[in-house]
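Single-structure report; data block below.
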Protein chains: 2
Amino acid sequence: MRETNPNFMNGVPELLILRLLQQEEMYGYEIVQAIRDRTDAVIAAGEGVVYPVLHGLEGDGALKSRRRTVNSRSRIYYSITPAGRRRLADLSKTWTNLATAIQTML
Amino acid sequence: MRETNPNFMNGVPELLILRLLQQEEMYGYEIVQAIRDRTDAVIAAGEGVVYPVLHGLEGDGALKSRRRTVNSRSRIYYSITPAGRRRLADLSKTWTNLATAIQTML
DNA sequence: TGCAATGCCTCGAACTTCGATGTATTATAG
DNA sequence: CTATAATACATCGAAGTTCGAGGCATTGCA
């Protein structure tokens with residue numbers, strides 16, 4: 001059984017990650033906390049969710065990464081590509097459509 | 001790969017089914033079409049989704065069913081139980097919280 | 001008589017999320 | 001100076017859903 005997030009989470013991590021990276025370059029560990037912080041812990045995607053999504057998106061060419069050392073911390077920074085922006089636009093639209101449809105039924 | 005609905009569908013069928021049954025008694029086949037119709041085909045949950053969810057909800061005591069023949073059609077009508085109403089209230093609240101959080105980030 | 005629609009059902013495939021676990025390095029507290 | 005917490009990455013199996021295809025039976029209609 002799931003303990004933290006209920007259902008309704010399918011595809012959400014991907015959407016939020018793309019959204020965050022559209023604003024600025026970030027690294028995995030930072031993204032995990034950013035999602036938690038900016039949603040007031042309503043959404044909590046752990047590292048076991050975020051890292052695989054990051055790898056998947058990079059494999060699809062939606063993200064690119066570069067290793068950087070900041071404050072003597074070695075990190076892998078991800079940034080969004082044009083393909084990633086298109087994907088984000090698509091997902092955003094889809095999500096809004098779906099949310100609107102559901103809201104109407106509620 | 002999924003052809004019809006994208007992602008974002010996790011738990012949505014359950015939510016919509018409970019919502020429909022809160023208004024009136026319905027049978028499986030009818031629910032499949034009601035979801036499609038009332039969402040302008042934005043959401044389409046096939047029979048392969050609806051029937052298992054129906055059985056699951058009944059198993060959990062959220063729904064109860066009775067066999068009825070209407071217009072010489074034998075149907076299994078489902079109606080919501082008090083437990084089902086509680087579940088619907090919970091799911092609705094959860095969904096709204098989640099949707100609000102996501103909307104804020106977009 | 002044949003075909004579409006109604007109505008129920010189940011199965012395996014595919015995909016995600018989740019929590020636990022592991023490793024390594026750096027900062028901090030005692 | 002030493003133990004512990006925090007940072008940072010990663011992967012694995014379990015669990016839970018949705019999805020499409022397929023099957024079966026009956027009724028309505030052409």
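Excluded from the calculations below are hydrogen atoms, water molecules and symmetry mates; all remaining heavy atoms, backbone and side chain alike, are included. A, B, ... follow the sequence lines: proteins, then strands. Residue 1 opens every chain.
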If I take atom [atom1] in residue [X] and atom [atom2] in nucleotide [N], what distance separates them, rounded to the nearest angstrom?
X	N	atom1	atom2	result
A:Phe8	C:dT16	CZ	C1'	15 Å
B:Tyr77	C:dT6	OH	P	13 Å
B:Leu15	D:dT17	CG	C1'	15 Å
B:Ile76	D:dT26	CD1	C1'	14 Å
A:Glu14	C:dT17	CD	P	8 Å
B:Arg36	D:dT18	CZ	P	16 Å
A:Leu98	D:dT18	CG	P	12 Å
B:Leu16	D:dT17	CG	P	15 Å

Please compare B:Glu30 and A:Val53 by the position of their nearest nucleotide in DNA chain C and report the one closer to 5'.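 Its nearest nucleotide being more 5', the pick is B:Glu30.
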
Can you work out whether A:Asn71 or B:Arg67 has the more 5'-proximal nearest nucleotide on DNA chain C?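 Looking at DNA chain C, the more 5' nearest nucleotide goes with B:Arg67.
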
By nearest atom, which of the nucleotides [options] is closest to the [X] side chain?
X	options	answer
A:Ser72	C:dT26, C:dT10, C:dC9	C:dT26
A:Met9	D:dC19, C:dC18, C:dA5	C:dC18
B:Tyr51	D:dC9, C:dG7, D:dC19	C:dG7
A:Arg73	D:dA10, C:dA27, C:dT17	C:dA27
A:Glu47	D:dT18, D:dT11, D:dC9	D:dC9
B:Tyr27	D:dA8, D:dT11, C:dC8	C:dC8

Go through the side-chain N and O atoms of [X] and [Y] and say whether any donor and acceptor fall under 3.5 Å apart.
X	Y	answer
A:Lys64	A:Ser79	yes
B:Ser65	B:Glu58	yes
A:Arg19	A:Gln22	yes

Any base atoms under 4.0 Å from B:Gly48, or only sugar-phosphate, or nothing? Heavy atoms, all strands.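 Base, at least one base heavy atom under 4.0 Å.
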
So, is A:His55 near the phosphate of D:dC9, with a side-chain N or O under 4.0 Å from OP1 or OP2?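 No.
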
Between B:Tyr29 and C:dC8, does any side-chain N or O lie under 4.0 Å from OP1 or OP2?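 Looking at the OP1 and OP2 atoms of C:dC8, neither is under 4.0 Å from any side-chain N or O of B:Tyr29.
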
For B:Gly11, is there any backbone N or O sitting under 3.5 Å from a side-chain donor or acceptor partner on B:Glu14?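 Answer holds: no.
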
Measure from the side-chain N and O atoms of A:Thr81 to the backbone N and O of A:Gly61, and report whether any donor-acceptor pair falls under 3.5 Å.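 Pair found, side chain donor or acceptor close to backbone of A:Gly61.
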
Between A:Arg75 and A:Pro52, which has a closest nucleotide on DNA chain D that is more 5'?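 First, find each residue's nearest nucleotide; the 5'-ward one identifies A:Arg75.
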
